[in-house]
Amino acid sequence: MLRGLNMDRQLLVSSLIDYAGRNHSSTDVIATDSSGIVHRTNWSEICSRARQVSAALRDEGISQGDRIATIAWNDHRHLEVYYGITGLGSVLHTVNPRLRDQQIAWIIRHAEDQLVFVDPDFLELAEAIALETPSVRKWVVLTDELQETSLPNAVAYEQWINESASTFDWPLLDEWSAATLCYTSGTTGDPKGVMQSHRSIVLQTWATCTGDGHNVNSSESILLAVPMFHVNGWAIPFAAAMSGAKLVLPGPDLSAKALVRQIQDEQITFSAGVPTIWLSVVQQLKDTGSDIPSLQRIAVGGSAAPRSLMDTLEDDYGVFVSHVWGMTEMTQGSAGRFTHRVAGLNREEQRRRQAMAGRELYGVELRLVDANGEDVPRDGSSPGELLARGPWVAGAYFDLADDMTHIEDDSGNWLRTGDVATMDTEGYITIVDRAKDVIKSGGEWISSIELENAAVGAPGVAEAAAVGLPHDRWGERPLLLVVLEPDVELERDEIVEAIKPHVASWWLPDAIVAIEEIPHTGTGKIDKKVLRDRFSEFDWPE
Ligand code: AMP
């Protein structure tokens, strides 16, 4: 091989924050913390405080490869910690606080997190799991001053970083070192950890910034309406630094009223979030007769966005909608920017494509296969299981012995996404169904299997099936179908009481219906498709 003669510079997350700190030092980063206080800071301060975080972690004896968890909202301290953890070479493990306490404890134990940064909002949760997470040596509460807490070894973040050196030189890591860890919600079996390298984060951030990605640049004002604990906030905390954009972090209040106010006050040009967020924003705009003229475009994804959302945002508010598809295993896999050809088509044809889940984005190769692993044509109508590969697609899960989620064939290693999709000649994908029948509520996952298992524990319930049905506000909500034992009357409250101890409160089914029989497939599994079709016209109770 004749080697190219480029410099040997590794692709590191620290280079992103350094770039922003150096070239966009006074560009605003505006954050609302969980007590409602608005902090106006900038990339220079975020960069220097991130270095302090690294120094403080080093002083705690944290080394490269150690996992450090965050249980936090979108604010400036979480952003500093993002860069402080990764800059040192330790691994940023973002934990989803919406999971059940036991799941969170399981994930922290599995990751063997050494230290946890926790928002004061989640102190009670931390107190509840502290005894079950023996690897955690310290809890750093993201606040100025510590409130009364039973947490062992708890410190206030501001005091903790102020005790460390004010300067810190980022180590020159190998770009293949682990940078972030994020667990999928695990609908079957235990959650699975997706570990991204520095190289992967930098490459996916680049793709996100490209014209066919989110097209972000230094003139933007970005509102991050995706939680930073969900797939690293879709890489936007990294993309904002890479592009030197103004970044607005809304804290815990993701209500439409708060988002609209911030779009107006901060002259937001680009934002991203799940369909539920944008449906509520549109409703708020309609109810109040207000407008958001600065907002040029949004990315929407995480679950299927309805066509009506795009129509309203574009026709009534002039906001271009890019429908993206992705998953924890790769962050963004597609984006919905128009090709030159689609840009020349009429509006109806354009909208038809926008309702699809975007086009293959360079860097994530997509492929459809049938049950025998044979390629399915890209004809826009033949469904197949969606496979993906690329430099930022997970090649394996963290510390998981029995990995059934990848397939190896003559062309190499592919991730099985679990989604069934069609793809057209231009690379537009349409998600037909999820292979695992997971219920997506407001961009978060509800396990139908866990709901069913809990429901069959209720007195008088012989069998249960949970299916996700379309819901105007949440995208989908669970409908629970039960077969009752002979001569038993349906007692909805009793069933709900029996399920409650086993699942998060927002997982509880919105409706419960008794049916004669639950249909099964040839292999004895509940046939969810038949049930979804049968209840497709179901009206949710008020
Ligand atoms: P998560 O890892 O939690 O982000 O979930 C990833 C899953 O969300 C994918 O495998 C899809 O099932 C679903 N998903 C993401 N984006 C879309 C979309 N635009 N349309 C339909 N489903 C989507």
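Whatever order the structure lists ligands and atoms in, that order sets their numbers, starting from 1.
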Would [X] and [Y] count as having a side-chain donor-acceptor pair, cut-off 3.5 Å?
X	Y	value
Asp419	Trp325	yes
Thr269	Gln296	no
Asp212	Thr210	no

Between His93 and His110, is any pair of side-chain heavy atoms under 4.5 Å apart?
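No. Closest side-chain heavy atoms not under 4.5 Å.
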For ligand 1, which atoms have a heavy atom of [X] less than 4.0 angstrom away?
X	value
Ile431	20 (N), 21 (C)
His230	1 (P), 3 (O), 4 (O)
Val324	16 (N), 18 (C), 19 (N)

Any nitrogen or oxygen of [X] lying under 3.5 Å from a nitrogen or oxygen in ligand 1? Just yes or no.
X	answer
Glu329	no
Met327	no
Gly302	yes

Let me see the working for Phe229 and Tyr183 under ring-ring contact (aromatic ring centres under 6.0 Å, His included), right down to the final yes or no.
CA-CA 10 Å; Phe229 55 76; Tyr183 282 74; over 10 Å; no
Using every non-hydrogen atom in the two residues, find where Asp119 and Ala72 come nearest and quote the distance to one decimal.
CB-CA, 4.0 Å
Pro391 to Leu203 - nearest heavy-atom pair and separation
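Pro391 and Leu203 have their closest heavy atoms at CB-CD1, 4.0 Å.
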Report yes or no: does Gly326 have a heavy atom closer than 4.0 Å to ligand 1?
yes
Using a 4.0 Å heavy-atom threshold (strictly under), name the region of Thr184 that reaches ligand 1: side chain, backbone, both or neither.
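Answer for Thr184: neither.
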Please work out which of Asp419, Val420, Ile429 has its closest non-hydrogen atom nearest to atom 11 (C) of ligand 1.
Asp419
Among Leu386, Thr430, Thr328, closest by heavy atom to atom 2 (O) of ligand 1 is Thr328
